[in-house]
Amino acid sequence: MPAFRAPRGTRDILPAEGPAWARLAAIAADLARRYGYAPIETPLFELTAIFERGLGEGTDVVEKELFRLETRGDEVSALRPENTAGIVRAYLEHGMQTWHQPVRLSTIGSMFRYDRPQAGRYRQFHQWDAEAIGDPGPAIDAELVELNARFYAEVGLTEVRARLNSIGDPACRPGYVAELTAFYRRREALIPEGDRRRVATNPLRLLDSKEEALVALNADAPRIVERLCATCAEHFAAVRVHLDALGIAYELEPRLVRGLDYYTRTAWEFYRAGAEGQQQALGGGGRYDGLAELLGGRPTPGIGFAIGLERVILALEAQESPHARPPSPGPAAVVVGADPDDTATRLRIATELRAAGLSVRADLGRRRLGRQLEGAAREGAHFAVIVGDELAAGNVLVRDLEAGTQRTVPLGGLARHIARGEAQHRHGVAAEE
RNA sequence: GUGGCCUUAGCUCAAUCGGCAGAGCAUCGGAUUGUGGCUCCGAAGGUUACGGGUUCGAGACCCGUAGGCCACCCCA
């Protein structure tokens, strides 16, 4: 057993998983480009106060999941548990209110939550985020929900469902929360002991509990959608009209509240149908019209979503999708040599081929030719360039590892020869598909 | 933070009742001094997660710790 292992709740992404990750990142980047969401990168850590104020002191994420950093200075920082607060901070800091509104931003990166790990839940995980700041909606709400759904579709996930709710705004939510608190107070005896303190601290959280007693209780709980103020109700209705126009299917879920305090009005969540385990949330988002103000800026509407990439890969695996493990592409050629001492020539020829734009590996070991060819074939190379006695006449052998054919090629025409063979090969693969 | 199950070679797993720690795959070498995926031969690889206890003797039994998985809490 090695002395060191990856820290609890973290994992190494090994080369075999590389293509799957690269594919998700490419799809996200392409969607961001097509939808006009400009790239942004914010720091992996922020002042702790940004999370405390933005997400809410009473949330689990802040209360027990924050990775607080011990530093030499007096600044108190924490690794980001999500990216929205940081992006809104950047929006305010860089005066993006003066840009053409709304500002559409997208990013992909690591998030950190000190949580108990289990399948699909890690202490360091990856999210794709898209945010639109500065548009009070409702059309933009539909744009984000549709973009969120589009990602799953393009990635190859089927059986994805959406849940939708509106959780009101400062005009109507306090009244609803009061009503909900009273509802739970009257039934305190039925609430599991561990949850009772939430009646006072965070009654909304009791709503989406999966505990049996609460699920039964919640069937009769007042529903926020029925208590929305006129403007919130109007907004929600308009979002639904837009979603219907886009053909986006969803279920109304009156118990969906989302975990963070900054959400207002529209909230949604995507999950994998048929996943009985709990780690089935694939992503979700919502409107956060109060967040900018909480971070000390002018009131600015905003809306966005985050997709958990580990969850998406897990769902692809569960669905036995070939996209869960796309094959690693082999090099166009591997340069092998008959003379174990002459690694210099192998290296030089490989360098020339790479300069011509080809993907080439040189076998720099001292193994005999047969082993070198075996290695080349196994990593999926199309050609082996064999350096041997022919070199004296300025030639090498080019072996087609799939066809098993071989011909003598002058060094001067080597790059062209392999490039042409690669193009034909790609064409052949494309024709098969 | 709470509870349940689990941990033997790089990977997947054996090891009878408590009695010499093994196999397949992978790695490296050879059969083949210049030709691959097959075959054959061989080598290397272990503090049986870690620490303690019981025993003549522990991979196995007991206690603790760490880690993994699962369920809660919560979330992506």
Side-chain angles (χ1 to χ4, degrees), chain A residues 1-11 14 16 55 58-65 81-84 108-129 148 192-195 197-198 202 205-206 208-212 214 256-260 269-272 276-285 305-315 334 336-340 342 363 365-391 396-406:
Chain A
M1 200 46 62
F4 292 108
R5 287 187 283 195
R8 179 160 209 207
T10 68
R11 46 183 238 107
L14 300 177
L55 319 198
T59 59
D60 276 30
V61 168
V62 168
E63 223 172 48
K64 57 178 205 184
E65 295 174 7
E82 54 84 81
N83 214 337
T84 302
I108 194 163
S110 290
M111 307 300 153
F112 305 85
R113 291 184 197 175
Y114 189 84
D115 206 355
R116 182 119 170 212
Q118 68 192 62
R121 192 170 68 191
Y122 300 96
R123 288 181 174 184
Q124 178 179 3
F125 59 101
H126 298 83
Q127 291 186 330
W128 176 44
D129 269 76
N148 193 158
E193 212 163 317
D195 291 319
R197 81 187 171 89
R198 290 178 186 277
N202 205 342
R205 293 252 53 89
L206 292 173
D208 61 358
S209 170
K210 282 144 204 132
E211 281 179 272
E212 246 177 81
L214 278 167
L256 175 68
V257 296
R258 309 287 304 157
L260 309 173
E269 186 174 275
F270 282 87
Y271 65 101
R272 190 160 67 84
E276 287 316 307
Q278 294 305 303
Q279 263 53 65
Q280 55 176 303
L282 294 169
F305 65 79
I307 293 175
L309 299 181
E310 280 83 359
R311 297 268 172 95
V312 169
I313 287 181
L314 233 44
V334 174
V336 301
D339 177 0
D342 188 12
D363 195 314
R366 300 182 46 81
R367 290 177 302 188
R368 67 165 194 261
L369 192 56
R371 295 283 189 213
Q372 295 182 49
L373 287 169
E374 186 183 328
R378 210 158 42 181
E379 69 188 274
H382 303 143
F383 294 103
V385 175
I386 303 171
V387 182
D389 297 339
E390 301 80 2
L391 197 62
V396 289
L397 300 175
V398 175
R399 183 172 179 82
D400 183 322
L401 290 168
E402 276 150 44
T405 57
Q406 185 166 301

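By convention in this document, chain letters (A, B, ...) are assigned in the order of the sequence lines, proteins followed by strands, and residues within each chain are numbered from 1.
Rounded to whole Å, the distance from CD1 on I313(A) to C1' on rA76(B) is 13 Å. Between the CD atom of Q118(A) and the C1' atom of rG1(B) there is a distance of 13 Å, given to the nearest Å. The distance from atom CZ of R123(A) to atom C1' of rC75(B) is 14 Å, rounded to the nearest whole Å. When rounded to the nearest whole Å, the span between CG of D342(A) and P of rG34(B) equals 13 Å. Atoms CD1 (I108(A)) and P (rA76(B)) sit 16 Å apart, rounded to a whole Å. E310(A) places its CD atom 17 Å from the C1' atom of rC69(B), with the value rounded to the nearest Å. Protein atom CZ of F4(A) is 15 Å distant from nucleotide atom C1' of rG67(B), rounded to whole Å. One interatomic measurement links the two molecules: CG of L14(A) to C1' of rC11(B), which rounds to 12 Å at whole-angstrom precision.
Not one side-chain nitrogen or oxygen of R113(A) sits closer than 4.0 Å to the OP1 or OP2 atom of rC75(B). Put simply, R367(A) has a side-chain N or O that comes within less than 4.0 Å of OP1 or OP2 on rC28(B). The shortest distance between the side-chain N/O atoms of R311(A) and the OP1/OP2 oxygens of rC75(B) is not below 4.0 Å.
Taking 4.0 Å as the cut-off between side-chain N and carboxylate O, R123(A) and D115(A) do not count as a salt-bridged pair.
The two residues L401(A) and A381(A) make their nearest non-hydrogen contact at CD1-O, 3.5 Å. Nearest heavy-atom pair, L282(A) versus Y271(A), reported as atom, atom and distance to 0.1 Å: CD1-C, 3.9 Å.
You'll find that the side chain of R368(A) is closest to rU32(B), out of rC69(B), rU32(B), rA76(B). Among the nucleotides rG34(B), rG67(B), rC74(B), the one closest to any side-chain atom of R121(A) is rC74(B). For R8(A), the side-chain atoms get nearest to rG68(B) when compared with the rest of rG30(B), rG68(B), rC72(B). When distances are taken from the side chain of Q127(A) to each of rC69(B), rG30(B), rA76(B), the shortest belongs to rA76(B).
Nucleic acid contact for D339(A): none, since no nucleic acid atom lies under 4.0 Å from a heavy atom of the residue. Across all strands, G9(A) comes closer than 4.0 Å only to sugar-phosphate atoms, never to a base (heavy-atom distances).
Comparing the C1' positions of rU7(B) and rG64(B) gives an interatomic distance of 16 Å, to the nearest angstrom. Atom C1' of rG30(B) sits at a distance of 36 Å from the matching atom of rA49(B), rounded to the whole Å. Rounded to whole Å, the P atom of rC63(B) lies 33 Å from the corresponding atom of rA23(B). Comparing rC72(B) with rA9(B), their C1' atoms sit 36 Å apart, to the nearest whole Å. Separation of the P atoms belonging to rG19(B) and rC62(B) is 16 Å when rounded to the nearest angstrom. With C1' as the reference atom, rU54(B) and rU16(B) are 23 Å apart, rounded to whole Å. Atom P of rG59(B) sits at a distance of 11 Å from the matching atom of rC50(B), rounded to the whole Å. Between rU48(B) and rA60(B), the two P atoms lie 10 Å apart (nearest whole Å).
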Output a table of nitrogen or oxygen pairs between the protein and nucleotides 2-7 of chain B separated by less than 3.5 Å.
residue, atom, partner, partner atom, Å
rU2(B), O4, R116(A), NH1, 2.9
rG3(B), O6, R116(A), NH2, 3.1

Using atom names, set out every protein N or O paired with an N or O of nucleotides 35-39 of chain B below 3.5 Å, distance rounded to 0.1 Å.
residue, atom, partner, partner atom, Å
rU35(B), O2, R399(A), NH1, 3.3
rU35(B), O2, Q406(A), OE1, 3.1
rU35(B), N3, Q406(A), OE1, 3.1
rU35(B), N3, Q406(A), NE2, 3.0
rU35(B), O4, Q406(A), NE2, 3.0
rG36(B), N7, R399(A), NE, 3.4
rG36(B), N7, R399(A), NH2, 3.0
rG36(B), O6, R399(A), NH2, 3.4
rG36(B), O6, L401(A), O, 3.4
rG36(B), N1, L401(A), O, 2.2
rG36(B), N2, L401(A), O, 2.7
rG37(B), O6, L401(A), O, 2.7

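Place P117(A) and F270(A) on RNA chain B by their nearest nucleotides, and P117(A) ends up nearer the 5' end. Judged by closest nucleotide on RNA chain B, A6(A) is the one of Q124(A) and A6(A) placed further toward the 5' end.
Residues I307(A) and V312(A) are in side-chain contact: their nearest non-hydrogen atoms beyond the backbone lie under 4.5 Å apart. No side-chain heavy atom of Y122(A) sits under 4.5 Å from any side-chain heavy atom of T10(A). Taking 4.5 Å as the limit, some side-chain heavy atom of L369(A) sits within range of a side-chain heavy atom of V336(A).
Between the CG atom of L397(A) and the CD atom of E390(A) there is a distance of 4.0 Å, given to the nearest 0.5 Å. Note that CG of N83(A) is 13.0 Å distant from CH2 of W128(A), once rounded to the nearest 0.5 Å. Between R371(A) atom CZ and D363(A) atom CG the span is 12.5 Å, to the nearest 0.5 Å.
With hydrogens and angles ignored, no donor-acceptor pair closer than 3.5 Å exists between the side chain of K64(A) and the base of rC74(B).
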### Summary
Annotated structure of RNA chain B as dot-bracket, pair cut-off 3.5 Å, Watson-Crick or G-U only, | for inter-strand, is (((((((..((((.....[..)))).(((((.......))))).....(((((..]....))))))))))))....
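Between the side chain of E310(A) and the main chain of H126(A), a donor-acceptor pair closer than 3.5 Å is present.
Annotation: cation-pi geometry not satisfied between R113(A) and F125(A) (NZ/CZ under 6.0 angstrom from ring centroid, within 45° of ring axis).
Here F112(A) pairs with L44(A), F67(A), L79(A), S110(A), Q124(A) under the side chain to side chain contact (heavy atoms under 4.5 Å, CB included) rule; sequence neighbours left out. Residues satisfying the ring-ring contact (aromatic ring centres under 6.0 Å, His included) test with F383(A), not counting sequence neighbours, are none. Scored by the side chain to side chain contact (heavy atoms under 4.5 Å, CB included) test, A306(A) finds Q127(A), D129(A) as partners (sequence neighbours excluded).
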